[in-house]
Amino acid sequence: MNIISVIQEGVINAVKAVYGADIDSKQVSMNVTRKEFEGDYTVVVFPFSKIARKKPEAIAEDLGKHIVEHVAEISDFNVIKGFLNLSIGSEFWSEFLNAATVDPDFGIHPSNGKKVMVEFSSPNTNKPLHLGHIRNILLGWSCSKILQAAGYEVIKTQIVNNRGIAICKSMLSWKKFANGATPENSGIKGDRMVGDYYVMFTKKYEEEYLSWQQTEKAIEVYNEKKKEGQEKEAFFKGYKNDYFNEYSELGKEAKEMLLKWENNDPDTLELWKTMNSWVLEGFDKTYAKLGVDFDKLYFESDTYLLGKEIIEKGLEKGILTKEDKRVFIDLETKGLGRKTVIKSDGTSTYTSQDLGTAQLRWNDYGTEKMVYVVGDEQISHFQGVFEILKKLGEPYADGLYHLAYGMVDLPTGRMKTREGTVVDADDLIAEVIEESRQNAKERGELHEMSKEEQEEIIRNIGLAALKFFIIKVHPKKRMTFNPKESVDLQGQTGPYVQNAYVRIQSILRKAAGKADLEKSKLYKDYESLEKDLLNQIYQYPALVKSAAEDYDPSSIANYCYNIAKTFHKFYHDHSILKAESEEAKAFRLKLAKMVGRVLKAAMSLLGIEMPERM
RNA sequence: GGCUCCGUGGCUUAAUGGAUAAAGCAUCUGACUACGAAUCAGAAGAUUGGAGGUUCGAGUCCUCCCGGAGUCACCA
């Protein structure tokens, strides 16, 4: 039985016995005892002062005495103000450590029979992945692992946004300017190549727009549509989209291409397929570098027409309203305004696609939960989608969750494609690995290994730095990504946690076969750091559960750091291999091993691997 | 303007309504003849944006204000 429940029950019984009052476990306020005080768990007794009509100190004394007498696990107590600090006996900890040691699934919850789909990454196929995607991918991957550890069957998915005008822009640009260049004959990674042509389109379009602004037609438009006193420059800045649709040659060609695509023109489709495959190959390489994969891909080209069926259903039920061809839902009461599902030209929207895709996924997998890892700029969009599905009474509607994470800023401000400040994912990964390599070289710990082993470790450490740096921030928060700090290998970082693990492995290698771990049971007089470690290990399974409930990988990252920190201090203050006694040595080996196991398991939930040496 | 989110030492972050607000970076000072110094210890650094309120108790909950961001499309 969980020690927290044991204590809560003890308190409930004590209150009943001493004051004759009935309380429930919700009224028992408990925390882990703060470091500066003696004890393991603290019960706050202020809430009982009305029942007992005594001073908090006296109440704590009453309850403490009763609990020590009646609860076997509690060995001692002390009272400071209204706080009752309880100490857990070494028997309990000893049993816990032994049980955890032999439990191969420690921290992994048994299957709950439920399925959850996690969607993340979901890039457009017209440019390479960037820093923003990295946050998205790491959060999505980590949530998947956490949900899995919490007992769910997880299906990792993404929707590949592979159609639409943006895709046609890069296709058109390639056709016009590439002279048949391919990733193979140019040696450029596929996604980057396509992205380069997308950028080139934008550049050529800007040039075209600029020279158009000098024409008589442009002056005419300006005079006709400008607002009072609006300068030319300001007007044309705002007119860009209209220009694309009304007058642009490139715009016209791109739109024609989109039309051809929609009408299944063979040449267009072939070009589209070819360029898409280049991008997807490129993405796969980046995913592989990050160590992530997916169970199922959905392509927008297959889903963008979905939703008709569900919209029909909505119309029948009177949830959606039809006005000419346009279909919308009035969510004014929810503060979401009117959400259009079908445009007045009869074409679908992003919203209808998402409705249809949700339906499709439910049909494919029957997942009770669907988690969308998408930036917080789309909060209201998802509120709309979810609301519609709820009103339709879809069976999966209550399990929909938008994990809305904050945008990633640079120290110089927001990333902007136009200003060329977007941090490319591949470049960033290469950079952190290079930093790790420099560091490894200086330390020279790895020189006895093969080149391959060295590279593997170096890569591991660099990625750990990057991943930890991003995941430690609460998803909801907008974060500043400082490239300098992200490659830090010291302090509150991934490599710091890895180092704790490596130290443990080093000790275990040295002690292999030389210690009788059975003797650990004779060790009773725990050091306070030993208790801290035991307590932290003890928290782990519950932490996994709450991280899954909150979709919060940052809580796991913080946990990893804290337990690593405690271990580093313990390692510094107490010798393991040269412990005071054989019992102490056995106990500490067992403890260290368990710390290592938990660290490795917890970090793997963040997608971070642990090297054996570094 | 309406709605949503965020405001914590110089910087980046942490804190189920509980004790003296906790770490890292940067700065300064110590500890390698050591189970691995990617470590540890210490110093300095904070009226938790501001004002009220609820509570025995508020960084946390409520109200108002200030600052920042997002969104308010028949775009995705």
Side-chain angles (χ1 to χ4, degrees), chain A residues 29-37 42 44 46-47 49-50 56 80-83 85 124 161 163-166 241 300 304 323 325-328 334-347 349-351 353-354 375-381 383 404 406-407 409 411 414 436 439-440 442-443 445 461 465 469 472-474 476-482 484-485 488-500 502-511 546 550 554-555 557-558 561-562 564-565 567-569 571-579 585 588-589 592 613-614:
Chain A
S29 166
M30 271 181 58
N31 343 37
V32 173
T33 303
R34 299 178 59 141
K35 267 186 256 163
E36 57 267 41
F37 303 105
T42 296
V44 187
F46 290 105
S49 50
K50 272 179 197 155
I80 295 166
K81 293 201 252 177
F83 299 94
N85 300 319
N124 297 328
N161 298 299
R163 63 161 286 283
I165 193 72
N241 265 333
E300 195 196 2
Y304 81 111
E323 219 176 60
K325 280 186 180 173
R326 181 192 179 200
V327 179
F328 65 89
K334 298 266 172 186
L336 296 170
R338 284 184 168 189
K339 213 93 189 136
T340 298
V341 175
I342 299 289
K343 293 184 237 173
S344 52
D345 64 0
T347 57
T349 65
Y350 190 36
T351 305
Q353 267 184 61
D354 271 356
D376 61 8
E377 58 202 349
Q378 295 194 35
I379 287 176
S380 59
H381 164 72
Q383 281 175 337
M407 299 287 103
D409 286 326
R414 207 171 172 176
S436 165
N439 244 279
E442 279 169 32
R443 284 170 215 283
E445 297 273 355
I461 296 169
F469 183 79
K472 74 176 181 187
V473 180
H474 193 281
K476 208 164 68 175
K477 281 199 168 183
R478 199 179 177 97
M479 74 175 288
T480 308
F481 183 86
N482 187 328
K484 265 196 196 126
E485 287 175 15
D488 260 353
L489 309 175
Q490 280 155 31
Q492 193 174 12
T493 66
Y496 174 97
V497 180
Q498 289 179 319
N499 186 227
V502 165
R503 282 177 146 184
I504 291 168
Q505 301 319 305
S506 173
I507 290 171
L508 294 178
R509 278 194 299 271
K510 289 203 165 80
S546 74
D550 301 338
S554 72
S555 62
N558 284 308
Y561 173 69
N562 285 327
K565 187 174 168 60
F567 181 80
H568 276 307
K569 184 165 171 52
Y571 177 92
H572 179 267
D573 290 357
H574 306 283
S575 182
I576 295 170
L577 293 176
K578 290 177 196 155
K585 181 176 164 183
R588 285 175 189 170
L589 280 169
R613 296 167 203 264
M614 65 192 287

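Convention: sequence-line order gives letters A, B, ...; per-chain numbering from 1.
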Which nucleotide in the set [options] lies at the smallest distance from any side-chain heavy atom of [X]?
X	options	answer
A/Glu445	B/C56, B/C35, B/G36	B/G36
A/Lys476	B/U20, B/C6, B/C40	B/C6
A/Ser29	B/U20, B/C35, B/G18	B/G18
A/Glu377	B/G70, B/G24, B/A76	B/G70
A/Met614	B/A19, B/A76, B/G36	B/G36
A/Lys565	B/A76, B/A23, B/U39	B/A23
A/Pro47	B/A23, B/G18, B/C35	B/G18
A/Tyr561	B/A19, B/G24, B/G36	B/G24

For [X] and [N], is the shortest distance between a side-chain N/O and OP1 or OP2 below 4.0 Å?
X	N	result
A/Lys81	B/U20	yes
A/Lys339	B/C72	no
A/Ser506	B/G36	yes
A/Arg414	B/G70	yes
A/Lys569	B/A41	yes

Just the rounded figure in Å: distance from [atom2] of [N] to [atom1] of [X].
X	N	atom1	atom2	value
A/Leu577	B/C35	CG	C1'	4 Å
A/Ile80	B/G18	CD1	P	17 Å
A/Gln383	B/G2	CD	C1'	14 Å
A/His572	B/G30	NE2	C1'	11 Å
A/Glu442	B/G36	CD	C1'	17 Å

**Study point:** A/Thr340 side-chain N/O to A/Phe328 backbone N/O, donor-acceptor pair under 3.5 Å
**Key:** no
**Study point:** Within 45° cone of A/Phe567 ring axis and under 6.0 Å: A/Arg503 NZ or CZ
**Key:** no
NA contact type, [X], heavy-atom cut-off 4.0 Å: base, sugar-phosphate, or nothing?
X	answer
A/Arg503	sugar-phosphate
A/Asn85	base
A/Thr349	sugar-phosphate

Between [N] and [M], how far is it from one [atom1] atom to the other, in whole Å?
N	M	atom1	value
B/G52	B/G45	P	27 Å
B/G57	B/U20	P	14 Å
B/A15	B/U48	C1'	11 Å
B/U12	B/C66	P	24 Å

Does any N or O donor sit under 3.5 Å from an N or O acceptor when you compare the side chain of [X] with the base of [N]?
X	N	value
A/Thr42	B/A19	yes
A/Thr340	B/C74	no
A/Asp573	B/A41	no

Exercise for review: For residues A/His568 and A/Asn499, report the shortest heavy-atom separation together with the two atoms involved.
Suggested key: CE1-OD1, 3.3 Å
Practice item. Let me have RNA chain B in dot-bracket notation, would you? Count Watson-Crick plus G-U wobble pairs, both distances under 3.5 Å, and use [ ] for pairs crossing earlier ones and | for inter-strand partners. Key: (((((((..((((....[...)))).(((((.......))))).....(((((..]....))))))))))))....
Polar-atom pairs under 3.5 Å, protein N or O versus N or O of nucleotides 10-14 of chain B: list them with distances, or write none.
{"residue": "B/U13", "atom": "OP1", "partner": "A/Thr480", "partner atom": "N", "Å": "3.4"}
{"residue": "B/A14", "atom": "OP1", "partner": "A/His474", "partner atom": "N", "Å": "3.0"}
{"residue": "B/A14", "atom": "OP2", "partner": "A/Lys477", "partner atom": "NZ", "Å": "2.9"}

Going by 5.5 Å between centroids and 30° between planes, is there a stack of [X] over [N]?
X	N	answer
A/Tyr496	B/A38	no
A/Tyr571	B/C35	yes
A/Phe46	B/G18	yes

Check your understanding: Tell me, do A/Thr42 and A/Phe37 make a side-chain contact under 4.5 Å, heavy atoms counted?
Key -> no
